[in-house]
Amino acid sequence: MSTRAIGERQAIWLITAVAVVCRLAALAQPMRYDEAITWAYFVGRPWATIVSSYPFPNNHVLFSLLAKVTSSLAPFQPWALRLPAFAAGVAIVPLTWAVGRRFATPAAGLIGAALAAGCTTLILYSTNARGYSLVAALFLGLLLIAHRIVTMPSVGAWAAFATVGALGLYTIPVMLYPLGVVATWLLLASVRRRGDDRRRLILGVVIATGAAGALALLLYLPIIRSAGLGALAGNQFVTPSRWPVFLADLPRHVLELVVTWSLPVPPLLAVVVFGFAMAGIRVANRAGGPSLALAAAIWCGLLLLVTHRVPFVRVWLFLVPLFLLSVARGMLRVHWSRRWPAEHGAIALAVVWAFAALVLNTAQNEGDTGAFPAARQVVDRLGGVLRAGDRILAPIPTNGPLLYYLGAKGLDTALLNTPPLRTRRAYLVLEPERGHTLDWAVQVGMIDPRVFSKPVLLLRAPGVELWRTERR
């Protein structure tokens, strides 16, 4: 083995270690709304509930099953609930290197992995008890399998393709996006072939993709029996928008993607990162293979047109490693490799990038998935005063973290839903920074001043106000 090869592998281990440090720093952050709901309705329930219940899309089933195992190691410890996301999030870094190495160059792979180590959005979803980082890791694994299929096809590779695709779909149905991207890339690769080779590749894509879907449906069978297929494919978050709304939402969505994927770079400099990415996309693929960017544009564009509904930004998390690899290739176009050896430059970049993310605390400061850092403080204040007949009034996303920390403290979570006619005292949990003030609470009908007395302030802390009011 050459010295350079050893150096490359040492570099990726060091870069991965940097990624671990970044993710460990955010692993114990306060619980967020989405992951708190995942715990309350799925992970914290019996195994049978996880595999058969789907009242809303928070049940990322494969993730929920894994999280149930890890959370049993330390009940009501956020880090234990997040361990599957953490493991997948760490794996994304060396997988990004491996994909870059196969589809571009070793240098692009190392630099892309360095950027992934400190990428804010990857850190956030590596420390959030949801299945998005798992889908991103499975997507990268699927790309490596697809590359193997093109270079050294085998029955085992096709079986692995179907299995990984099915596991991704069983995590979140939005795996349809990354699975379709890889299938499209394979179909583009078939265009460059002739005769039987082309037919075999096309047939393999059809069979393996179909097998992935069939296996996923088999795994989802308990949910389909109890809630119907519409629970998976027809929920409120995928209902088509009106075309004018969809077209109006697209530009804002793209801008949000550019800013989010570029963090920890300040938003004003995101255009520079985006410029590197555009330059990188224009670089010819290694060995003249089809473009991953083209495959992603074709499939994702087609699905967007069919659904004409702008998804959550986090749905595109699986594309972040490809975006960062494009940034890496763009950076190499400005002769990075002539200034520093790729290994040394990538390690230095990972350290700087990660240091910026840690100092700026960018992952913890992101509001995506419903951040309410003061939840534990509010529950500590309420712990000694709550009694039967009380109600805790808290809007979304405040109520999710409160639900988790009430359970962790052994308090009655049903007090979040005490019937109005039985409510004797009400505690209002408000976030002024979101515009949630007492006047707002009256306007939206949270509290009726004709029924309840003038509220008394119990707690004012950064990001929260806690008020108490009693029935007249």
Should the ring pair W185 and H147 be called parallel, tilted or perpendicular, given that the plane angle runs from 0 to 90° and is split at 30 and 60? parallel
For residues 262-270, dump all side-chain donor-acceptor pairs below 3.5 Å to protein atoms at least two apart in sequence or in another chain.
residue : atom : partner : partner atom : Å
S262    : OG   : V258    : O            : 2.7

Taking side chain as C-beta onward, heavy atoms only, is I392 less than 4.5 Å from L386? yes
Can you name the salt bridge (Lys or Arg N to Asp or Glu O under 4.0 Å) partners of R82, sequence neighbours left out? E35
Hey, is D368 close enough to R130 for a salt bridge, meaning N to O under 4.0 Å? no
L24 and F86, any side-chain heavy atoms less than 4.5 Å apart: yes
For the side chain of S133 and the backbone of A85, is there at least one donor-acceptor N/O pair under 3.5 Å apart? yes
Any donor-acceptor pair under 3.5 Å linking the side chain of T418 with the backbone of D390? yes
Yes or no on side chain to side chain contact (heavy atoms under 4.5 Å, CB included) for H253 and L304, after CA distance, side-chain angles and deciding distance? CA-CA 12 Å; H253 185 67; L304 280 177; over 6 Å; no
Between D34 (side chain only) and N58 (backbone N and O only), is there a donor and an acceptor less than 3.5 Å apart? no
Check whether any side-chain N or O of N59 sits under 3.5 Å from a backbone N or O of S53 as a donor-acceptor pair, and report yes or no. yes
Under 3.5 Å, is there a donor-acceptor pair between the side chain of T362 and the main chain of L358? no
For R45 and A40, indicate whether the former's side chain and the latter's backbone hold a donor-acceptor pair under 3.5 Å. yes
So do the side chains of V99 and L144 get within less than 4.5 Å of each other, counting heavy atoms only? yes
When the side chains of residues 162-182 are checked against the rest of the protein, which donor-acceptor pairs come out under 3.5 Å, sequence neighbours left out?
residue : atom : partner : partner atom : Å
T163    : OG1  : A159    : O            : 2.9
T171    : OG1  : L167    : O            : 2.8

Look at the rings of H436 and W440 and say which category their plane angle falls in: under 30° parallel, 30 to 60° tilted, over 60° perpendicular. parallel
Does the side chain of Q29 come under 3.5 Å of the side chain of T127 through a donor N or O and an acceptor N or O? yes
Of all the heavy-atom pairs spanning A26 and I123, show the shortest one and how long it is. CB-CG2, 4.2 Å
Under 4.5 Å between any side-chain heavy atoms of V320 and C119, yes or no? yes
Heavy-atom side-chain proximity of L81 to M31 below 4.5 angstrom: yes
With sequence neighbours left out, the residues meeting salt bridge (Lys or Arg N to Asp or Glu O under 4.0 Å) with R460 are E465
Can you give me every donor-acceptor pair (side chain of residues 369-380, partner residue at least two apart or in another chain, under 3.5 Å) with its distance?
residue : atom : partner : partner atom : Å
T369    : OG1  : N128    : ND2          : 3.2
D380    : OD1  : K409    : NZ           : 3.4

Check for me whether the distance between the ring centres of F76 and Y404 falls short of 6.0 Å. yes
Is there a donor-acceptor pair under 3.5 Å between the side chain of T260 and the backbone N or O of L257? no
Considering all heavy atoms of both residues, which atom of L134 and which atom of L62 are nearest to each other, and what is their separation? CD2-CD2, 4.1 Å
Side-chain polar contacts of residues 446-458 - donor-acceptor pairs under 3.5 angstrom, sequence neighbours left out - could you list them?
residue : atom : partner : partner atom : Å
D448    : OD1  : R450    : N            : 3.0
D448    : OD1  : R450    : NE           : 3.1
D448    : OD2  : R450    : NH2          : 3.1
S453    : OG   : E470    : N            : 3.2
S453    : OG   : E470    : O            : 3.2

I'd like to know if the side chain of K68 reaches the main chain of F42, judged simply by a donor and an acceptor atom lying under 3.5 Å from each other, with no hydrogens or angles considered. no
